[in-house]
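In this chain, residues are counted from 1 in sequence order. One-based numbering, in listed order, for ligands and for the atoms of each.
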Amino acid sequence: MFDFSKDRREEEARVRSEGRLPPGQSLTQKFPVLHYGPVPRFNPETWDLRVWGEVEEEQRWTWDEFRQLPRRKVVMDLHCVTRWSKFDTEWEGVGLRDLVDQGLIKLKPTAKHLLQHAEYGFTVNLPIEVALAENFLLADTFNGQPLDPDHGLPLRGVVGYIRGREDLETPYLWKGAKWLRGLEFLAEDQLGFWEQAGYHNKANVWKEERFARG
Ligand SMILES: Nc1nc2c(c(=O)[nH]1)N[C@H]1C(S)=C(S)[C@@H](COP(=O)(O)O)O[C@H]1N2
Ligand SMILES: [Mo]
């Protein structure tokens, strides 16, 4: 095995000096896998992404249709509530804001929250402002490659910190659902899987909002 601990510590010192290491986090050069339950299989023939709730029209995109949607690239620092952070990760996919701006999703004024629905009934909630910001992406590509099955193949929500964008809310990584299959827009907030299990609802990494009090 390589011993890259010195390299890791140097990298960590650098991002800390740049003000990019949130409190209680440490830098990893790996990409740990974290989730509850099994990894689903991807079948491009039957896969779809559905959009419903507080929208003017429901949507359903097949895999081929999803790949035709407007695309963008985002570079982000990822912060996991279990205290690892991964820096300068490169994602490509579809921005929710672009779908709304281009009329591909028509939100009702009552749409105040997004509930991501993943395989096996997993859910996670975000306020609409966070879901529509540039640091939340419906990602199908990581470092120029399709996602690993463990990391959400074919599609996941991903949320992180964009350098210099202190104006954007940065939640912990659990706020992006792997194996994403549905976007439900809600008038009232609804807790997702980990939020019901006691994780913090807002999950701001700079404020260390890891767990709900109680
Ligand atoms: N479908 C699904 N998505 C999920 C989870 C899960 O249990 N199921 N866990 C979340 C948690 S707790 C984390 S930390 C990240 C981890 O993403 P990674 O495995 O790509 O590092 O996925 C999030 N998305
Ligand atoms: Mo997590």
J.: Quick test of your reading of the structure: of W174, F31, Y199, whose heavy atom lies closest to atom 12 (S) of ligand 1?
T.: W174
J.: Does an N or O from W179, backbone or side chain, lie closer than 3.5 Å to an N or O of ligand 1?
T.: no
J.: Scan Y120, W179, W174 and name whichever one has a ring pair (Phe, Tyr, Trp, His ring centres under 6.0 Å) with H35.
T.: W179
J.: In terms of residue, atom name and distance, what is the protein heavy atom nearest to atom 24 (N) of ligand 1?
T.: G176 O, 2.9 Å
J.: Are F142 and ligand 1 in contact, using a heavy-atom cut-off of under 4.0 Å?
T.: no
J.: For atom 14 (S) of ligand 1, grab the closest protein heavy atom and report residue, atom and distance to one decimal in Å.
T.: C80 SG, 3.4 Å
J.: What's the shortest distance from atom 7 (O) of ligand 1 to any protein heavy atom, and which residue and atom give it?
T.: Y36 N, 2.8 Å
J.: Is it the case that ligand 1 has an N or O less than 3.5 angstrom from some N or O of V33?
T.: no
J.: So, is P32 polar-close to ligand 1, with some N/O to N/O distance under 3.5 Å?
T.: yes
J.: Can you check which of W84, W194, F193 brings a heavy atom nearest to atom 9 (N) of ligand 1?
T.: W194
J.: Using side-chain contact (heavy atoms from CB on, under 4.5 Å) as the criterion, point out the one residue from V75, L78, L27 that pairs with F87.
T.: L27
J.: Write out the residue and atom name of the closest protein heavy atom to atom 5 (C) of ligand 1, then the distance separating them to 0.1 Å.
T.: F122 CZ, 3.5 Å
J.: How about E188: does its CD atom have over 12 heavy atoms from other parts shown lying under 6.0 Å from it?
T.: no
J.: Could you check whether the rings of W91 and F142 sit parallel, tilted or perpendicular, using 30° and 60° as the cut-offs?
T.: tilted
J.: Before accepting this row, confirm whether a basic side-chain N of the pair K207/E169 lies closer than 4.0 Å to the acidic partner's carboxylate O.
T.: no
J.: For E45, is there any backbone N or O sitting under 3.5 Å from a side-chain donor or acceptor partner on N43?
T.: yes
J.: Among the heavy atoms of R156, does any lie under 4.0 Å from an atom of ligand 1?
T.: yes
J.: Verify the distance criterion only: is there a donor paired with an acceptor across the side chains of Q190 and H113 at less than 3.5 Å?
T.: no
J.: Assess the pair Y172 and Y199: is the distance between their ring centroids shorter than 6.0 Å?
T.: no
J.: Of K178, H151, K30, K86, which has the heavy atom at the shortest distance from atom 1 (N) of ligand 1?
T.: K178
J.: Can you check whether V15's main-chain N or O pairs, donor with acceptor, with R20's side chain at less than 3.5 Å?
T.: no
J.: Give the numbers and elements of all ligand 1 atoms closer than 4.0 Å to a heavy atom of A118.
T.: 1 (N)
J.: Of the choices T28, T89, L34, which has the non-hydrogen atom that lies closest to atom 16 (C) of ligand 1?
T.: L34
